[in-house]
Amino acid sequence: MPVSMTPLAITAYTATSAIGHGLTAQLDALQHSRSGLRPNDFSSTPLDCWIGRVDGVEDTALPATLSAWECRNNRLAWLGLNQDGFLDRVQAARARYGATRIALLLGTSTASIGATEEAYRRLDADGGFADDMLRPAIHAPHSLAAFVATALALEGPCLTISTACSSSAKVFASAERLIQLGLVDAAVVGGVDTLCDSVLFGFNALELVSPEPCRPFDASRNGISIAEAAGFALLERIDAAPDALQLLGYGEASDAHHMSTPHPDGLGAELALRDTLARAGLDAAQVDYINLHGTASLKNDEVEAALVSRAFPTRTRASSTKGFTGHTLGAAGIVEAAIALQAIEHGLIPGNLGGDTPDPICGAQFAWRNEQQRVDVALSNSFGFGGNNACLAFARAGFAA
Amino acid sequence: MSARRVYVEGIGLWSPQLADFAALRSLLAGLMPTPSTGRPAAATLPPNERRRAPESVLLAVEVAGQAVAMSGRDAATLACVFASSHGDQPITDYMCATLAQAPAELSPTRFHNSVHNAPVGYWTIATDCHAPSTAVAAQRASFGAGLLEAVSLVLAEQRAVLLVCSDTAGSAPLLEVTGCTQSFGCALVLAPEPGAATIASLQVSLTTTRILSALPEPLADWRDANASAAALPLLARLVEGRGRCQLDAAATLGLQIDMDHV
């Protein structure tokens, strides 16, 4: 078990998804139980499903100096960076610490693979990429982080974490280690994934996509709704911002079971949870809210509901918010971290939208409708293909476990 | 910036010309090592997984297996950092070509093998490893950035870590943007304390002065042919067991490594 960590301050955060641009829109959708899902109007050929598409990505031009990075994923990243004053907060941190003393750690599952798909759809007569697609930097997994490093003028450690749907949860762990060791003074973390044919037709081939809006933890759930999102957070030492929200802990573990199916007993998920609680110095009974991975896939929800039942008392409230946003894949970690942070700031337990006929496996911890209550500690679960599990623990300012 | 120290306990290496770290040692001694034969053996995988696995998985598992065997550690105890600049290029090529022509025919297996963490996923399954595992990328700096991630995990958690960095060769049309013309993979087992298996200590520090360490003549062009071969200055130093080299940790950040016998 890990030794407990010194909490980090979350001095800024933002999220942009199908339920809106920035935190105000996100909170409004949560408060009014308004889903952002819509019938699929994105894939290059028809696919009968619902998606979480961010409005306005097509109209978000990159600044001229960044035009070499043009692609849907980087446009969404730019749209996300421009919400909630995030750019200004990073600029202030850069002025305070220096560009080399701020790490940039971003999660993504597919980065700008949509641009590579486009290049293949319109190859030259000789079978090569068209001239405007001959931009090596956007056809690589590091496209997102390299773009954001340029856009934010950051010159510290810069890393892409790509562990499928746990990617942008794990960035918090990597950032904490770099700050703890004094290698940097602050870190910008986050993640972006955008709709593309690879994930729409890929999850469809795995028979994991629902033809309807996804229904996490519903007895008749039948698959996920693919979605896109961007989110970011700025992490600093707690003594630099004692009045800020806190990252209390994190945990990471591997299922060692199967590439695309969770461990039947939720072994990796539970190890990540126990690791998180130990690092945060928390008892499970101190957790007020847990934002679940809850994809609405048959297996994930079954395994995760069982974990909630055996790990938490009934006073802990639990819900999936994928009925609002859809499954934003590599961006799910940061989007749901932002929802957990808003739960703390606004005393809002978002209801588990879409779970109209609760699966009997779900315990009394589940919040099927919105609840108002004080939230001191909130967790967020993120699980990915390859049996990759991560869990994060957040707390209000001044909370001491 | 202050330096941080970790200890190398195992080294893995595979390319079409070099089957392992001993082959690099012999090449740098002016000998002609026997080239690798065919695909990486990846003996850690169960036989049926080995038959089905894409080359990106075989390559990563091969070098990981070599490094862990040299360290004498139990693979199940090692946290894992697997880096790759481009992921599985043949699968990217297959996916994009299929999506352009007949998207509904996409193979579900190729899709779940397309995730960047497929190699580390197969590795943790094969070794029954429940430790933290991650998959990272940083363009041409993937090895240096992956090493920084691994070193920070070793030091912050005080535990041994398996670092792998590998890229397989690409083909047209993707090759034009990846420039990856030959396979190369390497692995290190890193520990927080010296021990019986220690090969060398690495003192690691970040620097904004960017220098690209020169490579001995037989390796001179390898970095151009594969981004993961950016590890070669460190691997060549490990043959001697001492000396200084510098790698890119990011586009504007260097990782200076001072190596010593223990």
Side-chain angles (χ1 to χ4, degrees), chain A residues 2 43-45 100 109 113 116-117 119-121 123 127-129 134-137 139-142 145-146 149 155-164 170 174 177-178 180-183 197-198 201-203 205-207 252-260 267-268 271 384-388, chain B residues 1-2 4 80 84-87 92 95-97 99-100 103-104 106-108 111-118 120-122 124-125 127-139 141-142 145-146 148-149 152-153 155-157 172-174 176-179 206 208 249-253:
Chain A
S43 52
S44 63
T45 60
T100 62
S109 68
I113 192 78
T116 316
E117 293 170 7
Y120 272 72
R121 280 198 299 270
L123 294 173
F129 280 18
L134 278 175
R135 291 175 282 145
H139 302 290
H142 196 50
E155 297 171 4
C158 175
L159 188 68
T160 296
I161 295 185
S162 186
T163 54
K170 289 170 76 73
S174 296
R177 292 188 282 264
L178 291 173
Q180 176 198 141
L181 294 169
L183 288 160
D197 279 0
S198 294
F201 289 99
F203 280 104
L206 284 167
E207 299 178 337
E252 303 165 277
S254 309
D255 274 352
H257 174 69
H258 191 270
M259 274 307 293
S260 57
L267 181 57
L271 287 170
F385 274 8
N388 202 289
Chain B
M1 290 178 198
S2 52
R4 309 288 186 281
C80 307
S84 173
S85 292
H86 298 291
T92 303
M95 298 253 308
C96 291
L99 290 169
L106 198 69
S107 150
F111 171 64
H112 77 54
N113 282 343
S114 76
V115 295
H116 199 67
N117 60 319
V120 77
Y122 280 106
T124 54
I125 293 167
T127 59
D128 198 29
C129 172
H130 296 282
S133 62
T134 194
V136 301
Q139 262 294 30
S142 293
L148 181 61
E149 172 75 6
S152 71
L153 196 49
L155 296 176
E157 299 282 301
L174 197 59
E176 197 173 0
V177 287
T178 65
L206 294 173
T208 51
T252 53
L253 194 70

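Numbers restart at 1 for each chain; the letters A, B, ... are given by sequence-line order, proteins then strands.
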Seminar exercise, completed: For B:Ala137 and A:Leu159 the tightest heavy-atom approach is O-CD1, 3.8 Å

For this session: Look at B:Gly87, B:Ala145, B:Cys80, B:Ser133 and state which one has the largest set of heavy-atom pairs under 4.5 Å with chain A.
Result: B:Ser133

Exercise. CG of B:Leu148 to CG of A:Leu183: how many Å apart, nearest 0.5 Å?
Worked result: 6.0 Å

Exercise. Which heavy atom in A:Phe385 sits nearest to a heavy atom in B:His112, and how many Å separate them?
Worked result: CE2-CB, 3.8 Å

Problem set entry | Results of side chain to side chain donor-acceptor pair (under 3.5 Å) for A:Thr45 - residues two or more places apart only | none

Problem set entry | Straight-line distance of A:Glu117 CD to B:Thr92 OG1, nearest 0.5 Å | 10.0 Å

Problem set entry | Proximity breakdown for A:Leu206 and chain B, heavy-atom pairs closer than 4.5 Å | both

Seminar exercise, completed: Ranking A:Ala140, A:Gly386, A:Pro136, A:Gly127 by heavy-atom pairs under 4.5 Å to chain B gives rank one to A:Pro136

Exercise. So what's closer than 4.5 Å to chain A heavy atoms on B:Ala249: side chain, backbone, both or neither?
Worked result: backbone

Exercise. Which bit of A:Gln180 comes within less than 4.5 Å of chain B, counting heavy atoms only: side chain, backbone, both or neither?
Worked result: side chain

Exercise. Hey, which of B:Pro173, B:Ala251, B:Ala100 has the most heavy atom pairs under 4.5 Å with chain A?
Worked result: B:Pro173

Exercise. So, A:Ser254 side chain and B:Ala131 main chain: donor-acceptor pair closer than 3.5 Å or not?
Worked result: yes

Problem set entry | Between CG on residue B:Leu253 and SG on residue A:Cys158, distance to nearest 0.5 Å | 9.5 Å

Seminar exercise, completed: Nearest heavy-atom approach of A:Ala256 to B:His130 is CB-CE1, 3.8 Å

Exercise. Under a 4.5 Å heavy-atom cutoff, which of A:Ser260, A:Ser162, A:Ala205 has the most pairs with chain B?
Worked result: A:Ser162

Seminar exercise, completed: In terms of heavy-atom pairs under 4.5 Å with chain B, the winner among A:Arg135, A:Glu207, A:Arg121, A:His257 is A:His257

Exercise. If you count heavy-atom pairs under 4.5 Å with chain A, which of B:Gly179, B:Pro103, B:Ser85 comes out on top?
Worked result: B:Pro103

Exercise. Do you know the tightest heavy-atom contact between A:Ser174 and B:Glu149?
Worked result: OG-OE2, 2.7 Å

For this session: Any chance you could measure A:Ile161, atom CD1, to B:Thr134, atom OG1, to the nearest 0.5 Å?
Result: 4.5 Å

Problem set entry | Test item: B:Leu99 and A:Ser44 side chains (from C-beta on) under 4.5 Å apart, heavy atoms | no

Seminar exercise, completed: Tightest non-hydrogen contact, residues B:Asn117 and A:Thr163, listed as CG-CA, 3.6 Å

Exercise. Can you name the nearest heavy-atom pair linking B:Val115 to A:Met259, along with the distance?
Worked result: CG2-CE, 4.1 Å

Exercise. What residue, out of A:Ser198, A:Ala164, A:Gly128, has the most heavy-atom pairs lying under 4.5 Å from chain B?
Worked result: A:Ser198

Problem set entry | Residue selection (most heavy-atom pairs with chain A, distance under 4.5 Å) from B:Gly121, B:Ser114, B:Ala250, B:Cys129 | B:Cys129

Problem set entry | Interface residue of largest heavy-atom contact number with chain B, from A:Pro157, A:Ala119, A:Gly387, under 4.5 Å | A:Pro157

Problem set entry | Segment of A:Asn388 engaging chain B (4.5 angstrom heavy-atom cut-off) | side chain

Seminar exercise, completed: In this structure, CG of A:Leu178 is separated from OG of B:Ser152 (nearest 0.5 Å) by 4.5 Å

Problem set entry | Side chain / backbone / both / neither for A:Ala146 at chain B, heavy atoms under 4.5 Å | neither

Exercise. Are side-chain N/O atoms of A:Thr100 and B:Thr208 paired as donor and acceptor at under 3.5 Å?
Worked result: no

Seminar exercise, completed: Applying salt bridge (Lys or Arg N to Asp or Glu O under 4.0 Å) to B:Glu157 and not counting sequence neighbours gives A:Arg279

Problem set entry | OG1-NE2 distance between B:Thr178 and A:His139, expressed to the nearest 0.5 angstrom | 10.5 Å

For this session: Measure distances from A:Ala145 to the heavy atoms of chain B and classify the residue's part below 4.5 Å as side chain, backbone, both or neither.
Result: neither

